[in-house]
Amino acid sequence: MSSKYPFAEIEPKWQNFWEKNKTYKTDLSHSGKKLYCLVMFIYPSGAKLHIGHWYNYGPTDSWARYQKLKGKNVFEPMGYDAFGLPAENYAIKTGIHPHDSTMTNIDEIRMQLKRMGCMYDWDAELMTCEPKYYKWNQWLFLQLYKKGLAYRKNAPVNWCPKDQTVLANEQVLSDGTCERCGTTVIQKNLTQWFFKITEYAEELLAGLDKITWPEKTKLMQRNWIGKSVGAEVHFKVDGSEEIISVFTTRPDTLFGVTYVVLAPEHNLVDILTTNEFRNQVQEYRNSIKSLTEIERTSTVKEKTGVPIGAFAINPVNGEKVPIWIADYALATYGTGCVMAVPGHDERDFEFAKKFHLPIRKVILQPGTNETDELTEAYTEPGTMINSGSFTGVNSDEGIEKIISYLEEKGFGKKKVNYRLRDWLISRQRYWGTPIPIIHCEKCGEVPVDEKDLPVELPYDVQFKPGGESPLISSEKFMNVKCPKCGSNAKRDPDTMDTFVDSAWYYFRYLNPNITTDPFDKSLADKWTPVDMYVGGAEHATMHLLYARFIHKFIRDIGYTNSDEPFSHLIHQGTITNQGAKMSKSKGNVVNPDQFIEKYGSDVFRMYLMFMGPYELGGDWSDKGIAGTDRFVQRTYELAMKFSGLLKQSASQNVYDVEKLSENEKHIYKKINQTIKKFDEEINHFRFNTAIAALMEMINEMKLLDACSKEIQLYALKRFITLLAPIAPHLAEECYNMLGSEKSIFENPVWYEADPIALVEDMVSIAVQVNGKLRGTVQAAINCSQTEVKNLLLNDEKIKKHLEGKEIVKEIYVPNKIYNIVVK
RNA sequence: GCCGAAGUGGCGGAAUUGGUAGACGCGCUGGACUCAAAAUCCAGUCUGGCUCACACCAGGUGCCGGUUCGAGUCCGGCCUUCGGUACCA
């Protein structure tokens, strides 16, 4: 049919218009009504834009457009998270250089993004693999290094003995084998760089109370940081000068310690193990070496361990208790040492039972006897018993009392411990930011001078697996003179975790070409924090925590004035396919292109928004897309029918409802109700109900024929404006057809609802008898209970239910419900 | 195991602080238009009973209880699904 909306012409037409007129170029010098709306930037993989990206970017752009129409100065940038493992793996497989494949992908993705028709300010585009960007990763590294927040230490990596390469966790299959060759992966220690995020643990925790994020995300970060308050207790070792420090949250159970456990990797193990036990200990350590971290920490696995022959001395009672090593003590948490209280800790209980270690009751459960045998660990508070001078004290108070006692005697102190570990940023990979450190035999690790940045990533590198970091193979890169002493030295061969790139990119968008600073400080002061950040929930603990950490660090070195990077955060839901996450490896990725070709960008984006609540996502189905397409067609036909109206008539901003005809009054009320509803819904990312409101509106539009031109224009102008955020191309075209010469987004206008039109004069009141609906009555708004009662007593149906009954009680909720309780 | 979210028609999903369950859309059924089809428009569509029909009656938001004049919504106890996490001393 000829009147079918020709999206294939219209959409490129407006995209070109917007680009040519720089409609979406943000003037950052005006920050008065600033709104920084950001989506997590895209990883330019070969899979290009999929439905998940559309679901993230389309609705968020609609929200940003709505804000722009409301008069906000909106900044909405887009860029590429261009470094990373997949490009390198692709290169290993195909021989195509990561730089080349990444650039090709970016070019295609940029085209796809432009076809979506989002409001991106393309002048702000950035890609992290460019020297002008990653130079500032290196700068950041040096600032952290200066403050002692970047340091090296030994840390295990997944190592495939056959491929001779380091594997990321996701490259290790669940059975602990290499995803490429099936060889069992082992753990190997390498000296690696860390950022001291733990220094900010307390502030990262406290800051969560000040940001508007989903509660579950904040909870995940709280758990991830894992603050616990307790004590550090020092145990002397019998016949040795060494001290074993343990962290405990239950110092009140100190008298119940019957053994001490060290993590098998703990340094003290070599020192303390007696000759007699040496073989056994070595054997045990070997036996757990092959286990992956996942197996090691599995809670279903039975605990194992061996004694090392040495004894620790309990500071509070001088008792000698055996020292064991066991897999359930983790080197990475607390001090790596545990005081075992089998009577009051489930793990210790299980372990003591298995190895026949003594179990001592030192906390009495209320309502039980001291002589009752413990059948399981009692972990709740109670009365302290068998605890020397502390016997009889309530265990909650005992915690503080024991700590005071320990501090007094120098046996320990109060201690706050965090689960959070420092951020390991070294990657034994090619496609990333080189670490700006030079290793000199004489001077040790020497930072590259800031004026020598960037340390450029060389192009010509053997990045295929085999050996260590790929950069080692580039002699040109590796061999440098020591900046301090001038002798021959080597560069650090590792690259940085790509989470470093994404930890501060929102600053860089404000001026991605600045060469004198990582970002424009004066703009950053005005434009950060990001006002709305939208992205996947899978980043809850990594990216979103790292960015908060780096932001606080940047603040502490005087580069920004805000405390948090993202003041509001929303996670879009996941779109699955037949219940499974879409992934290239599963081959269940749905390509959006087919829908864009068939229906156009507006219909597709609107369908994604209409599917359901944004934060829930859902299973993909194209079943209902015809519905949004129909809506678009009807809108287009409506605009066509009234084309030129803007030139034939003018409408007022407000009309007196009483002076309108019945049809006009109806339209007038409906459009104003729709404005109110739509505004509320879209403001809270409830796109599905916002669109439903527009559909209801268009269903009423058939009444326009019976309205004056003024009212027609009044309704259509408003309807098209509401449509503009969710179907921008269509709305522009419709407005154009009405007779406008300008883009809606050039001179943004938003219509406020006329409050008088929102008031209903008649309401329908539900009438219940004994809580069951028996009818409804039409009454004037705010009428009295007596009036409503008179109305309902005239209703035959309702009367029938009241006949011969005694009225016990009447509840009247004005304008809503009238409930009569009868006997 | 622990933490979190969610269970509503054939389907996706609506439902302010407890106040007319099923908005909006898909699908389906019937009708109009057409030589015919597509498209479009109109009507119907929770289940069961009764009825020519209108009406009416009963039941109904995962299950079992409770609070209340009134519960999808609040409380207690389960079941299922999906996310997160994994011995955190």
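Annotation: ring pair (Phe, Tyr, Trp, His ring centres under 6.0 Å) contacts of A/Y200 (sequence neighbours excluded): A/F549. Under the salt bridge (Lys or Arg N to Asp or Glu O under 4.0 Å) criterion, A/R774 pairs with no residue at all, not counting sequence neighbours. In terms of the ring pair (Phe, Tyr, Trp, His ring centres under 6.0 Å) criterion, residue partners of A/F685 (sequence neighbours excluded) are, by chain and number, A/W63, A/Y614, A/F687. By the salt bridge (Lys or Arg N to Asp or Glu O under 4.0 Å) test, A/K676 pairs with A/E680, sequence neighbours left out. Partners of A/Y812 according to the ring pair (Phe, Tyr, Trp, His ring centres under 6.0 Å) rule, which considers only residues two or more places apart in sequence or in another chain, are A/Y818. Scanning for side-chain contact (heavy atoms from CB on, under 4.5 Å) contacts around A/R419 gives A/W224, A/Y333, with sequence neighbours left out. When the side-chain hydrogen bond (donor to acceptor under 3.5 Å, both in side chains) test is applied to A/H344, no partner is found at least two apart in sequence or on another chain. Qualifying salt bridge (Lys or Arg N to Asp or Glu O under 4.0 Å) partners for A/E538, counting only residues two or more places apart in sequence or in other chains: none. In terms of the salt bridge (Lys or Arg N to Asp or Glu O under 4.0 Å) criterion, residue partners of A/E400 (sequence neighbours excluded) are, by chain and number, A/K414.
A gap of 30 Å separates the P atoms of B/C79 and B/A15, to the nearest Å. When the P atom is used for both B/G19 and B/A71, the distance is 11 Å, rounded to whole Å. Rounded to whole Å, the separation between the P atoms of B/G84 and B/C75 comes to 27 Å. Taking atom P on both nucleotides, B/U73 is separated from B/G66 by 15 Å, rounded to a whole Å.
Paired runs in RNA chain B that reach 3 or more consecutive Watson-Crick or G-U pairs, where each pair keeps both distances under 3.5 Å, cover B:1-7 with B:79-85, B:10-12 with B:24-26, B:27-32 with B:40-45, B:46-49 with B:56-59, B:62-66 with B:74-78.
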Identify each atom pair where a protein N or O and an N or O of nucleotides 23-26 of chain B are less than 3.5 Å apart, giving names and distance.
| residue | atom | partner | partner atom | Å |
| --- | --- | --- | --- | --- |
| B/A23 | O2' | A/E696 | OE2 | 3.1 |
| B/G25 | OP1 | A/N699 | ND2 | 3.1 |
| B/C26 | OP1 | A/R630 | NH1 | 2.5 |
| B/C26 | O2' | A/K623 | O | 3.1 |

Between the protein and nucleotides 68-71 of chain B, are there any N/O to N/O pairs under 3.5 Å, and if so, what are the atom names and distances?
| residue | atom | partner | partner atom | Å |
| --- | --- | --- | --- | --- |
| B/C69 | OP1 | A/K809 | NZ | 3.4 |
| B/C69 | O2' | A/N819 | ND2 | 3.2 |
| B/C69 | O2 | A/N819 | ND2 | 2.5 |

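Residue A/R774 has no polar side-chain atom (N or O) positioned under 4.0 Å from OP1 or OP2 of B/C56. The side chain of A/H801 contributes an N or O atom lying less than 4.0 Å from OP1 or OP2 of B/C57.
Annotated as anti: B/G48, whose glycosidic dihedral deviates from 0 by more than 90°.
Considering only the side chain of A/K816, B/U17 comes nearest among B/A89, B/U17, B/C56. The A/L330 side chain lies nearest to B/C88 when the options are B/C88, B/U20, B/G4.
For the residue pair A/Y328 / A/D348, a side-chain donor-acceptor distance below 3.5 Å is found, with atom types taken as modelled.
Going from atom CD1 of A/I798 over to atom P of B/A55 covers 16 Å, rounded to whole Å.
Residues A/I811 and A/V821 are in side-chain contact: their nearest non-hydrogen atoms beyond the backbone lie under 4.5 Å apart.
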